[in-house]
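Order of listing sets the numbers, starting from 1, for every ligand and every atom in it.
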Amino acid sequence: MNLTGKKILLGVTGSIAAYKAAHLTRLLIKSGAEVQIIMSASAFDFITPLTLATLSKRPVLSQFKKDETGEWNNHVELGLWADLFLVAPLSANTLAKFAMGSCDNLLSAVYLSARCPVMVAPAMDLDMYQHPAVQSNLNRLEGFGHEVLHAESGELASGLSGQGRMMEPEHILGHVQSFFKGNDDFKGKKVLITMGPTLEALDPVRFISNHSSGKMGMAIAEEFSKRGAEVFVVSGPIALKVSKEKFHWYSVTSADEMYEVAAVLHPKVDICVFAAAVADYAPAQIAPEKIKKDSELISISLRKNVDIAFELGKMKRGNQIHVGFALETENEAANAKAKLKKKNFDLIVLNSTKVEGAGFKVDTNQVELFGADGRSVHSELASKTTIASLILDQIKTIPVWV
Ligand code: CTP
């Protein structure tokens, strides 16, 4: 995709991967973008501003004041100028500053004042990358709504091999292009997403539930919103930090409540994504008082919960698209395809339970997509944001709107 007219602020920080910023700048400029580079002081140890200024065709900025004139490099204006703020490579140090909102150089000041979307490509050694402090800072940035282009695996500058390498410039360019392309390809579409777990009360203080964190559903909701859709989220209780203003947000607790809200919204939406991990069974009776531990053995009768996707699948209009999820531990593909048919889905996303780094609670996933039209698409292990984008790209090619 041509990036003509797109204004990109490119932040470059102190990492051995800073040399790749030269190639990235060239790719962005060749695609037609205007690129303004801001370097952190430590980036100067890895690449010269002359190289980046020559490639970007603009002076590189790094100080609050222009040396010669004492004139101000206005960080607020820079933040307003840009359509996208891309930081590549993002070092552990600058990541920590962004996560904490600290501001001691031009780059972090522009970050705090930027109103445009932010995309970051971290780069560091594998042990640094895996450190819980770094991972939690990356999660924090994702929680702010930023797109994290997760490091790739391979040989690192330290000689070690593992995840930590900055995403290759060609891949970063792909994300930038899909960011701009995707800005409004779902504009005018209304989307309903069920997500998170449901909690089924046993007594006033206890419940039955599951490990769903809501991360995959949230990534899909974010992606739809980013790509212009009006998004209705019906979410079970989740612990994620969410900017709910972007969505029509409905918090529910039990499967019955989720169904009630979803059934009201269903007739007015074009697309439904059933990403919730609905508890299949609920206690047949909710004890009015806390159950006391009087007996050695107790049994709880469970009743089957409403199958939200199945019920709404029966009401699906010809121009609606239904997307479901499946989590299987055996005969994965066959079970997923059976669910696709039974629940009248157009597309089903099979979550891997066997791959490390995929599934509940983690930020990455690996999926297999099966379509009612016979399509079958396999993803690599990737961030849930990347998987969400893949799912939307597949939804776009289901031919019900043409
Ligand atoms: N689903 C739903 N309501 C339910 C159960 C599931 O809407 N009561 C939806 C899920 O959101 C998902 C799909 O149906 O999109 C498949 O869910 P899954 O739990 O894999 O399948 P189940 O139908 O519950 O079958 P089983 O647990 O027996 O594998």
Anything under 3.5 Å between a donor and an acceptor, one on a side chain of residues 114-127, the other on a protein residue two or more places apart or in another chain? List them.
from   : atom 1 : to     : atom 2 : distance (Å)
Asp125 : OD1    : Ser158 : OG     : 2.6

Q. Sequence neighbours excluded, which residues qualify as ring pair (Phe, Tyr, Trp, His ring centres under 6.0 Å) partners of Tyr111?
A. Phe98, His146

**Q.** Test item: Leu312 and Phe274 side chains (from C-beta on) under 4.5 Å apart, heavy atoms
**A.** yes

Q.
Enumerate the ring-ring contact (aromatic ring centres under 6.0 Å, His included) contacts for residues 4-34, please, sequence neighbours excluded, ordered by first and then second residue.
A. none

Q: Write down, by chain and number, every protein residue that brings a non-hydrogen atom to less than 4.0 Å from an atom of ligand 1.
A: Phe274, Ala276, Val278, Asp280, Val306, Asp307, Ile308, Ala309, Gly324, Phe325, Ala326, Leu327, Lys339, Lys343

Q: For a side-chain hydrogen bond (donor to acceptor under 3.5 Å, both in side chains) with Glu152, tell me which candidate from His171, Gln163, Arg165 qualifies.
A: His171

**Q.** Arg375 and Thr397 side chains, donor-acceptor separation under 3.5 Å
**A.** yes

